[in-house]
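Reviewing the structure listed below.
Chain naming here is simple, since letters A, B, ... match the order of the sequence lines and numbering starts at 1 in each.
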Protein chains: 2
Amino acid sequence: MTNNLKVFRARYDLTQKELAEEVDVTRQTIISIEKERYEPSLTLAFKLATYFDVKIEDIFLYEKSTDN
Amino acid sequence: MTNNLKVFRARYDLTQKELAEEVDVTRQTIISIEKERYEPSLTLAFKLATYFDVKIEDIFLYEKSTDN
DNA sequence: ACTTAATGTCAATTAAACTTTACATATTAA
DNA sequence: TTAATATGTAAAGTTTAATTGACATTAAGT
């Protein structure tokens with residue numbers, strides 16, 4: 001799973017803090033997702049997609065089978 | 001957040017066990033999501049959408065602000 | 001040089017997804 | 001009636017998302 005959250009955030013000229021407040025999480029969560037330390041919950045993914053007015057698939061790219 | 005996972009599963013004529021194996025989780029996880037006890041991770045949502053050949057938004061319906 | 005804003009790391013904790021096991025019920029088939 | 005399949009519940013444990021707080025670095029402005 002990869003994402004281009006940073007690109008969308010830049011496009012909207014927002015700081016991590018501002019985006020965090022928009023989608024109701026902390027700044028650390030935004031950082032962790034941008035740096036792909038972990039994946040967002042489905043709800044957070046929806047909140048981000050809704051905020052940027054795109055589909056989840058536009059921000060998050062699923063690469064099937066990192067494992068099996 | 002609501003979902004129509006049960007509908008998709010029925011459409012493909014799969015048991016919970018079969019679907020669970022297809023997307024690499026346990027049967028309990030499928031049950032919990034169908035009964036909306038909790039939401040799937042983004043990865044699992046992608047696996048399900050990919051399996052049924054639809055978009056995440058087709059299976060999971062986000063209703064903004066259950067809270068704030 | 002000093003301050004402020006933005007980004008980043010790290011560690012400890014809480015909350016929620018997911019697993020595992022065990023058991024209950026209903027349905028269908030032998 | 002018995003066995004097998006499908007769905008369901010419940011509890012305890014593991015894993016991971018998300019929070020909180022503290023501190024480091026860089027860039028921009030005064």
Side-chain angles (χ1 to χ4, degrees):
Chain A
M1 179 93 66
T2 61
N3 73 72
N4 30 52
L5 182 55
K6 207 162 190 163
V7 175
F8 278 97
R9 184 169 61 81
R11 195 174 295 171
Y12 276 68
D13 196 26
L14 292 172
T15 64
Q16 293 174 334
K17 183 170 181 283
E18 288 167 339
L19 178 57
E21 284 162 359
E22 289 289 348
V23 296
D24 252 317
V25 291
T26 63
R27 190 170 64 90
Q28 309 309 321
T29 298
I30 299 298
I31 290 175
S32 295
I33 294 167
E34 284 190 355
K35 303 239 119 184
E36 295 179 357
R37 281 197 241 277
Y38 53 69
E39 294 159 17
S41 65
L42 183 54
T43 294
L44 180 49
F46 262 116
K47 280 186 180 178
L48 289 166
T50 299
Y51 180 79
F52 290 124
D53 201 30
V54 294
K55 296 208 169 294
I56 287 180
E57 288 85 353
D58 294 324
I59 306 178
F60 299 94
L61 304 221
Y62 176 61
E63 306 150 309
K64 49 169 59 174
S65 79
T66 322
D67 34 67
N68 54 273
Chain B
M1 180 91 68
T2 62
N3 74 71
N4 29 51
L5 182 54
K6 207 164 192 162
V7 176
F8 278 97
R9 183 168 62 82
R11 194 174 295 171
Y12 275 67
D13 195 27
L14 293 172
T15 65
Q16 294 173 334
K17 184 168 180 284
E18 288 167 339
L19 178 55
E21 285 163 358
E22 289 289 348
V23 296
D24 253 317
V25 291
T26 63
R27 191 171 64 89
Q28 308 310 321
T29 297
I30 299 298
I31 290 174
S32 295
I33 293 167
E34 283 190 356
K35 303 238 121 185
E36 295 178 357
R37 281 196 241 279
Y38 53 69
E39 296 159 15
S41 65
L42 184 54
T43 293
L44 179 48
F46 262 116
K47 281 185 180 179
L48 289 166
T50 299
Y51 180 80
F52 290 124
D53 201 29
V54 294
K55 295 208 170 292
I56 286 180
E57 289 85 353
D58 294 325
I59 306 178
F60 299 95
L61 305 217
Y62 175 62
E63 305 149 310
K64 51 167 59 173
S65 80
T66 322
D67 34 64
N68 54 275

Going through the checks in order, is the side chain to side chain contact (heavy atoms under 4.5 Å, CB included) test met by A:Y62 and A:E57? CA-CA 8 Å; A:Y62 176 61; A:E57 288 85 353; over 6 Å; no
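- Atom CD of B:Q16 and atom OG1 of B:T29 lie 11.0 Å apart (nearest 0.5 Å).
- Within residues 7-19 of chain B, no residue is approached by DNA chain C to less than 4.0 Å at the level of any non-hydrogen atom.
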Does the protein touch nucleotides 18-30 of chain C at the base, only the backbone, or not at all? Give it as B, S and - per nucleotide, heavy atoms under 4.0 Å. BBBBB--------
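- The distance from atom NZ of A:K47 to atom C1' of D:dA18 is 12 Å, rounded to the nearest whole Å.
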Begin with the C-alpha distance, continue with both residues' side-chain angles, and end with the deciding distance and a verdict on side chain to side chain contact (heavy atoms under 4.5 Å, CB included) for A:L48 and A:L19. CA-CA 9 Å; A:L48 289 166; A:L19 178 57; 4.1 Å; yes
Below 3.5 Å, can you tabulate the donor-acceptor pairs from side chains in residues 2-11 of chain A to any protein atom, sequence neighbours excluded?
from, atom 1, to, atom 2, distance (Å)
A:N3, OD1, A:L5, N, 2.9
A:N3, ND2, A:I33, O, 3.0
A:R9, NE, A:E34, OE2, 2.5
A:R9, NH1, A:L14, O, 2.9
A:R9, NH2, A:E34, OE1, 3.2
A:R9, NH2, A:E34, OE2, 3.3

Report the C-alpha separation of A:M1 and B:F46 in whole Å, then their side-chain angles, then the decisive distance to 0.1 Å, and conclude whether the side chain to side chain contact (heavy atoms under 4.5 Å, CB included) test is met. CA-CA 10 Å; A:M1 179 93 66; B:F46 262 116; 3.7 Å; yes
Full working for side chain to side chain contact (heavy atoms under 4.5 Å, CB included) between A:L42 and B:L44: CA-CA 9 Å; A:L42 183 54; B:L44 179 48; over 6 Å; no
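- One atom, CD of A:E34, and another, P of C:dT9, lie 11 Å apart when rounded to the nearest Å.
- Between B:Y51 and B:Y12, the angle of the ring planes lies from 30° to 60°, which puts this pair in the tilted group.
- At the phosphate of D:dG8, OP1 or OP2 sits under 4.0 Å from a side-chain N or O atom of B:K6.
- Summarising the geometry, atom NZ belonging to A:K17 is positioned 12.5 Å from atom CD1 belonging to A:I31; distances are rounded to the nearest 0.5 Å.
- In this structure, CE of B:M1 is placed 10 Å from P of C:dA17, rounded to the nearest angstrom.
- The CG-C1' distance, from B:N3 to C:dA17, rounds to 15 Å in whole Å.
- Atoms CD (A:E36) and C1' (D:dA18) sit 17 Å apart, rounded to a whole Å.
- Rounded to whole Å, the distance from CG on A:L48 to C1' on D:dA17 is 14 Å.
- For the atom pair NZ (A:K55) and CD1 (B:I56), the distance works out to 10.5 Å, reported to the nearest 0.5 Å.
- Atom pair A:L5:CG and C:dT7:C1' shows a separation of 14 Å (rounding to whole Å applied).
- If you measure from atom CD1 of A:I30 to atom C1' of C:dG8, you get 14 Å, rounded to the nearest angstrom.
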